[in-house]
Novice: 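Below you will find the structure I want to go over with you.
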Amino acid sequence: MTELAKTYNPGEVEQRWYAHWERAGLFRARPNPEKTPYTVVIPPPNITGILTMGHVLNNTIQDVFVRWKRMQGYETLWMPGTDHAGIATQNVVEKSLAGEGTNRHALGREKFVARVWEWKKEYGGTIIRQLRRLGATCDWERERFTMDEGLSRAVQEMFVRLHEKSLIYRGKYIVNWCPKDHTAISDDEVNYHEVQGHIWHIAYPVTGSDERAIVATTRPETMLGDTAVAVHPSDERYRHLIGKTLTLPLAGRGIPVIADESVDVAFGTGMVKVTPAHDPNDFLICQRYNESAPVERRMEPLSIFDVSATTNDLVPEKYRGLDRFDARKAVVADLTAGGFLVKTEPHTHNVGRCYRCDTVIEPYLSDQWFVRMKPLAERALAVVQRGEIRFYPDRWVKTYEHWMTNIRDWCISRQLWWGHRIPVWYCVGDDHCTLECGKPIVSRTKPDACPHCGSGNLRQDEDVLDTWFSSWLWPFSTLGWPDDTPELRYFYPTDTLVTGPDIIFFWVARMIMAGLEVTGGIPRPDGSPRTGDGSIIPFRNVYFTGIIRDAQGRKMSKSLGNSPDPIEVIDEYGADALRFTIAYLAPLGQDVLYSNDRCELGRNFANKIWNAGRFLLMNARETAASPSGPEGLDAHSDLADRWIVSRFNSTAIALNDALGKFDVNTAARILYDFLWHDFCDWFIEMLKGRIYGDEPAAVKTAVMGRAMFMYEETLKLLHPFMPFLTEELWQNLRRRRPSESIMVDAYPAGDPARVDRGTERDMGFVQECINSIRNIRGELSVPPSREITLLVRFTDPAMSGVLVKYEGYFRRLARVSEIRKHGSGKKPPQSASAVVPGGEMFIPLGGLIDLDAERNRIEKELVRATAMFSNTEKKLRDTSFVDKAPPQIVEQERKKLDSFKSTMEKLKSSLGNIG
RNA sequence: GGACGCUUAGCUCAGCUGGUUCAGAGCGUCGCCCUUACAAGGCGAAGGCCGCUGGUUCGAUCCCAGCAGCGUCCACCA
């Protein structure tokens, strides 16, 4: 048996075991009627992405759950895959084309899309490769991509079904338009930022009068697209103007004054310029006006910008071809020159920007496809409110409710080339085409001919679908939907979704809607969950992670350069160290302040565990021991043995409990504390006393065997957090009983019958005594090299017995050479003293004692004890406390009082004869 | 404007619907130790009116209200 290295070296170990696990097919999941399924779908990372600390947090937590459940015996599927990320990917490829001096238009659509596929092939798997470094146990053989054939079919099927139910419609509306990406984006893809801008007051002359209507606007350039000015119908100031015509400055057109309830009389001048093609509210005003206006007076929105937000031919010649911001300058200059600008005021308002490229969004009138969300949202809201889907932490339910009850229709068409082409065709028509044509033909497959005129001359809708239109199908499309597959029957619904709250609307909410809408037809094995109306939820639990921030609390961002590369961290500290640190630092739903040096926590912990294993292996050889198995739990056991067995079991229980409550952070702490403090600091140190002592060989073998067994069991507990390290140690411990992997061994549940209160109490007492001695040694600078004699005086014979019985532990842990009873009377001369439960301890130090230091030490104790005493006394003198508090609490306080009193007396007595 | 979260030691955070000597851990700092697993370690110590103000209660770090600061999300009146 070769010895382990002195420090843990993760690099080689990680590569080796990951390859082994994959070769052995341990990540694979297959429908298995003998087992209960447990399913997690990965939030598919963008193919443009590289691994970030956010992914590390996310995927570590998923892997912890997945490994835990797998060890618990579930048929565990972690479904991996990637997202095609429409805009992001198209941008990346366009950028590389620009580097070659060309662009997508020069290439043409088909070649461009082919080019993106090439790019995807080359770079799209980056994150997936990186996740392996982290130790993720996804079933890689099932890896999916949102644009692969099956998922594309799911997208088409979804579109057609929703269209059949009239939940998808097409129409001309104001949408959020990104002038850089040349596409519409959804309301949720706009980020608003506050900016210091201006508000301009502009005078519009009333035709045939000297009067002028003053409007206030933050976007003067859009006046070129004004089609009216609106006032509140009951605003006395302007009522006489309703129906009159104004002359639009610079353009010279006549526009009407109309009435609309939405005008706020208190804001600005109470008169609003109406630009229906470039402002969502104005668009609504226009619609309302047109509903009641006679046909000949209806307003036609006037679009003055092209797709790049550059002015078009519908504005006066002078202003054509200007970028919107240049147009603003030109318009303001001319308004000023023409005497139309009444005043300019500073004004703070919010400006929307594209979430992808940060370009200022232009409200833009265009033909788009929408999903009618209300009907979908109602059911999706209900399943969360009924608790069929639970959020962790549950405060996100409120956010979800708010969005769901104020939901707006979802613009799903994108004017991009990379994405799922909308499954809609239009008849371009032949000569004999009738008027029916031009209507959209929505179809799962390309139609041969127009159903109305028979023309074969069909043109597919140019647009693609929003990326999220494929992501919202992810939990079931990855399992084969719309086909009826064994996987779908077995693994759906999934169990836990782990994701960031930033995509609660984009993704989580929509998956719930989609799942409820279309998966109701999936046949279920008996007893599996279904909601009241027969539909199936896509997952039972949603775990919302926090956000990883830097040490200063700032968000990680490319521009700040504060995003650590997790791969570099893994190279430096090891994947286990990173995983454990992240899990330890991340309380449920709280943001995490992270910097690389924090991984020392995990690295040091890994090394600590490693060395505990090293110690056991070295001594296993000496004592010819091997892990005993459960049958060896009680052989030749003494306090330390019984204690570690008890502690192990309560730890396992608490750990499973924490994981069950999605409290990963607590679980990590439980493991850390048990392993470092209970197992290493106390148990191993106590173990040394026995295996280095003169026990019979058989006893040593039994004791070591049990220690190794407990250690093995602990490695199992730790495995979901630190898979590589635990596997390596496990295999080393098990050389005589080869095992394929720790990752398929049973996860210890913890046995309440093995938790022994009496043992823990005795051990607590021993620990307290040892701590007291250590305190004295530290405070009085008694070096470890100097052994001491311990004199004890106990009123409680049981405690005294425990102490004497475990003298050996004092020898090793407190460097006590001998324990003797001290009779009544004064404390021994030139000795330090300590009060412990049930008695006193004295340490004669001879000439070595620093009397001042000892006096200080005891005085400090006395101050503390006195404070405790008077607090308790005060409490007990308070009649309302004695009358109203529960009797057991009062009794407890009385006992405390006695104890403090006795401690004080002992301390005073010691102080009295300090010399 | 609305909603939510956070505020505990120098730093980062634990404190389980109020009572166990409850005020804790890690890092950092300061002592002492290269003790035959581990210096990425061991032992000890110093450091805090638990954000502020009220309320509920016999009793509040914990529950309630208000306030302040920080952060996030949503809405958005030109």
Side-chain angles (χ1 to χ4, degrees), chain A residues 4 6-8 192 199 215-219 222 230 262-264 266-269 271-275 279 281-282 285 347 349-350 352 393 395-396 398-399 402-403 406 501-502 504-505 546-547 549 551 553 555 577 584-585 587 589-595 597-598 600-601 603-619 658 661 663 665-666 669 672-673 677 680-681 684-685 688 692 771 774-779 781-785 812-815 864-865 867-869 871-872 875 878-886 888-890 892-893 896 899-900 903:
Chain A
L4 299 184
K6 199 168 174 183
T7 54
Y8 173 55
Y192 288 91
I199 190 157
V215 299
T217 180
T218 53
R219 296 202 56 198
T222 63
S262 73
V263 178
D264 180 352
F267 189 90
T269 60
M271 301 186 91
V272 184
K273 61 191 276 303
V274 179
T275 322
D279 184 284
N281 288 317
D282 294 3
I285 293 177
H347 181 68
H349 62 132
N350 286 321
R395 59 186 150 85
W396 290 108
K398 264 198 165 177
T399 308
H402 184 257
W403 191 71
N406 293 285
D502 49 330
I504 184 170
F505 307 134
I547 296 166
R549 299 170 177 280
K555 268 189 182 172
Y584 187 92
L585 289 178
Q590 284 308 126
D591 289 356
V592 183
L593 269 55
Y594 172 88
S595 62
D597 52 13
R598 299 224 165 175
E600 286 178 17
L601 171 85
R603 182 201 57 181
N604 293 355
F605 186 46
N607 194 49
K608 188 74 181 174
I609 298 157
W610 177 259
N611 273 289
R614 184 163 171 261
F615 167 83
L616 292 174
L617 281 169
M618 286 167 71
N619 288 289
K661 290 193 292 203
D663 200 347
N665 152 68
T666 299
R669 279 166 202 274
Y672 186 92
D673 289 341
H677 299 121
C680 292
D681 288 348
I684 286 187
E685 291 308 317
K688 284 176 183 171
Y692 295 159
N771 286 340
R774 284 172 169 177
N775 173 277
I776 288 169
R777 298 192 77 116
E779 293 281 286
S781 302
V782 181
S785 53
R812 173 159 283 278
L813 274 62
R815 302 196 63 76
R864 186 179 148 79
M868 293 299 210
F869 177 81
N871 277 346
T872 311
K875 216 184 232 184
D878 185 347
T879 50
S880 55
F881 170 73
V882 179
D883 292 346
K884 295 189 182 174
Q888 62 271 33
I889 296 291
V890 178
Q892 196 174 287
E893 291 297 315
K896 265 159 65 175
S899 155
F900 293 141
T903 300

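Sequence lines set the chain letters: A, B, ... in the order given, protein chains first and strands last, and positions in each chain run from 1.
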Novice: Counting just side-chain N and O atoms, does A/K6 come under 4.0 Å of either OP1 or OP2 of B/A39?
Specialist: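 A/K6 to B/A39 OP1/OP2: side-chain N or O found under 4.0 Å.
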Novice: How far, in whole Å, is B/A23 from B/A9 if one measures between their C1' atoms?
Specialist: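 One C1' to the other, the span is 10 Å.
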Novice: Whether the side chain of A/K398 and the base of B/C4 hold a donor-acceptor pair under 3.5 Å is what I'd like checked.
Specialist: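 Answer is no: no donor-acceptor pair is held.
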Novice: Roughly how many Å apart are B/G42 and B/U56, using the P atom of each and rounding to a whole number?
Specialist: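 Taking atom P in both B/U56 and B/G42, they lie 49 Å apart.
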Novice: Tell me which nucleotide among B/U72, B/C76, B/A37 gets nearest to the side chain of A/K555.
Specialist: B/U72
Novice: Can you check the distance between B/A14 and B/U8, where both ends of the measurement are the C1' atom (answer in whole Å)?
Specialist: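 The same atom, C1', in both gives a distance of 10 Å.
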Novice: Please pick, from B/C13, B/A78, B/C58, the nucleotide with the shortest atom-to-atom distance to any side-chain atom of A/P587.
Specialist: B/C13
Novice: Which way is the base of B/U21 turned, syn or anti, if we draw the line at 90° from 0?
Specialist: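 It is syn.
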Novice: Answer with base, sugar-phosphate or nothing: what part of the nucleic acid does A/D878 contact at a heavy-atom distance below 4.0 Å?
Specialist: sugar-phosphate
Novice: Please tell me if the side chains of A/I889 and A/F881 come closer than 4.5 Å, counting only heavy atoms from C-beta onward.
Specialist: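 Yes, at least one pair of side-chain atoms sits under 4.5 Å.
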Novice: Which glycosidic conformation, syn or anti, is assigned to B/G54 if syn requires a torsion within 90° of zero?
Specialist: anti
Novice: Assess A/K688 against A/F615: is NZ or CZ under 6.0 Å from the centre of the six-membered ring, and within 45 degrees of the ring's axis?
Specialist: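 So A/K688 does make the cation-pi contact.
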Novice: Strictly by Watson-Crick or wobble contacts shorter than 3.5 Å, is anything paired with B/C43, and which nucleotide is it?
Specialist: B/G31
Novice: Between A/R777 (side chain) and A/R815 (backbone), is there a donor-acceptor pair under 3.5 Å?
Specialist: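 The answer is yes, because a donor-acceptor pair under 3.5 Å joins these two groups.
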Novice: Rounded to whole Å, please give me the gap between CZ in A/R812 and C1' in B/G42.
Specialist: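 It is 13 Å, rounded to the nearest whole Å.
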Novice: Which listed nucleotide (B/C73, B/A40, B/G42) is nearest to the side chain of A/N607?
Specialist: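 Selected nucleotide (nearest to the side chain): B/A40.
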Novice: When you compare the side chain of A/L4 with that of A/M618, does any pair of heavy atoms fall below 4.5 Å?
Specialist: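 Not touching, per the 4.5 Å side-chain cut-off.
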Novice: Nearest to the side chain of A/R614, which nucleotide is it out of B/A45, B/U36, B/C38?
Specialist: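 Minimum distance to the A/R614 side chain belongs to B/C38.
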Novice: Quote, to the nearest angstrom, the C1' distance that separates B/G26 from B/G41.
Specialist: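 Nearest-Å result for B/G26 against B/G41 at atom C1': 15 Å.
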Novice: Provide the Watson-Crick or G-U wobble partner of B/C6, both distances under 3.5 Å; none if there is no partner.
Specialist: B/G69
Novice: Taking the minimum atom-to-atom distance to the side chain of A/H402, which one of B/C74, B/A3, B/A78 wins?
Specialist: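 Nearest nucleotide to the side chain: B/C74.
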Novice: Under 4.0 Å between a side-chain N/O of A/N771 and OP1 or OP2 of B/G44, yes or no?
Specialist: yes
Novice: At under 4.0 Å between heavy atoms, how does the protein contact nucleotides 19-28 of chain B? Give one character per nucleotide, 5' to 3', with B, S or -.
Specialist: BSB-S--S--
Novice: Would you say the side-chain atoms of A/D282 pair up with the backbone N or O of A/T275, donor to acceptor, closer than 3.5 Å?
Specialist: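 Yes, the answer is positive, given that a donor and an acceptor are paired below the 3.5 Å cut-off.
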Novice: Just checking, any donor-acceptor pair under 3.5 angstrom between side chains of A/N665 and A/R669?
Specialist: yes
Novice: I'd like to know if A/Q590 reaches the base of B/A14 with its side chain such that a donor and an acceptor end up less than 3.5 angstrom apart.
Specialist: no
Novice: Taking atom C1' in both B/G47 and B/C52, what distance in whole Å separates the two?
Specialist: 23 Å
Novice: In the strands shown, is B/G26 matched to any nucleotide by a Watson-Crick or G-U wobble pair with both distances under 3.5 Å, and which?
Specialist: B/C11
Novice: I'd like to know if A/N350 reaches the base of B/C76 with its side chain such that a donor and an acceptor end up less than 3.5 angstrom apart.
Specialist: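 Checked by distance alone, the answer is yes.
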Novice: Scan every strand shown for a Watson-Crick or G-U wobble partner of B/G48, both distances under 3.5 Å, and answer none if you come up empty.
Specialist: none
Novice: Contact between A/K273 and A/T222 at the side-chain level, heavy atoms closer than 4.5 Å - yes or no?
Specialist: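 Yes, their side chains come closer than 4.5 Å.
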Novice: Is there a donor-acceptor pair closer than 3.5 Å between any side-chain N or O of A/N611 and the backbone N or O of A/N607?
Specialist: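 Checking the backbone N and O of A/N607 against the side chain of A/N611, a donor-acceptor pair under 3.5 Å is found.
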Novice: If you pin A/E779 and A/L585 to their nearest nucleotides in RNA chain B, which one's is more 5'?
Specialist: A/L585
Novice: Would you mind pulling out the nucleotide paired to B/C62, Watson-Crick or G-U wobble, both distances under 3.5 Å?
Specialist: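 Pair assignment: B/C62 / none.
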Novice: Please give me the minimum heavy-atom distance between A/V215 and A/T269, naming the atom from each residue.
Specialist: CA-OG1, 3.8 Å
Novice: Return the value, rounded to whole Å, for the distance between atom CG of A/D264 and atom P of B/G1.
Specialist: 15 Å
Novice: Heavy-atom nearest nucleotide on RNA chain B for A/R603 versus A/G778: which residue maps closer to 5'?
Specialist: A/R603
Novice: Mind checking A/Y692 for me? I need base, sugar-phosphate or nothing, with any heavy atom below 4.0 Å counting as a touch.
Specialist: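 Counting heavy atoms under 4.0 Å across all strands, the contact made by A/Y692 is with sugar-phosphate only.
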Novice: Can you tell me, in whole Å, how much space there is between the P of B/G19 and that of B/A46?
Specialist: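 Here B/G19 and B/A46 have their P atoms 26 Å from each other.
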Novice: When the C1' atoms of B/C62 and B/C22 are considered, how many whole Å apart are they?
Specialist: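 Comparing C1' positions in B/C62 and B/C22 gives a spacing of 12 Å.
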Novice: Any side-chain N or O of A/N775 under 4.0 Å from OP1/OP2 of B/A45?
Specialist: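 Answer is yes, contact under 4.0 Å.
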Novice: Find the distance A/N665:CG to B/C16:P and express it as a whole number of Å.
Specialist: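 Computing the A/N665:CG to B/C16:P distance gives 13 Å.
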Novice: Could you work out which one of B/G42, B/C73, B/G44 sits closest to the side chain of A/R774?
Specialist: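 Nearest to the side chain of A/R774 among the choices is B/G44.
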Novice: Among B/C74, B/U12, B/G42, which nucleotide has an atom closest to any side-chain atom of A/K608?
Specialist: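 For A/K608, the side-chain atoms sit closest to B/G42.
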Novice: Looking at B/A37, does its base get a donor-acceptor pair with the side chain of A/K688 below 3.5 Å?
Specialist: yes
Novice: Indicate, with a heavy-atom threshold strictly under 4.0 Å, whether A/I684 touches base, sugar-phosphate, or nothing.
Specialist: base
Novice: Looking at A/R549 and A/Y594, would you say the former's side chain and the latter's main chain have a donor-acceptor pair under 3.5 Å?
Specialist: no
Novice: For A/D502 and B/G5, give me the distance from atom CG to atom P, rounded to whole Å.
Specialist: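 About 18 Å, once rounded to whole Å.
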Novice: When rounded to the nearest Å, what value does the distance between P atoms of B/C63 and B/G5 take?
Specialist: 11 Å
Novice: Take atom CZ of A/F505 and atom P of B/U72, then tell me their distance rounded to the nearest Å.
Specialist: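 One finds 16 Å between P of B/U72 and CZ of A/F505, rounded.
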Novice: Rounded to whole angstroms, how far apart are CZ on A/F267 and P on B/G1?
Specialist: 15 Å
Novice: How long is the straight-line distance from CG of A/L616 back to CD1 of A/I684, given to the nearest 0.5 Å?
Specialist: 5.0 Å
Novice: Residues in ring pair (Phe, Tyr, Trp, His ring centres under 6.0 Å) with A/H677, at least two apart?
Specialist: none
Novice: Taking only the side-chain heavy atoms of A/D681 (C-beta and beyond), determine which of B/A78, B/C4, B/C43 contains the nearest atom.
Specialist: B/C43
Novice: Remember a base hit wins even if backbone is also touched, and classify A/S781 as base, sugar-phosphate or nothing at under 4.0 Å, heavy atoms.
Specialist: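 No contact.
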Novice: Specify the separation, in whole Å, of atom CZ of A/R395 and atom P of B/U72.
Specialist: 14 Å
Novice: Using whole Å, what does the distance between atom C1' of nucleotide B/G44 and atom CD1 of A/I776 come to?
Specialist: 12 Å
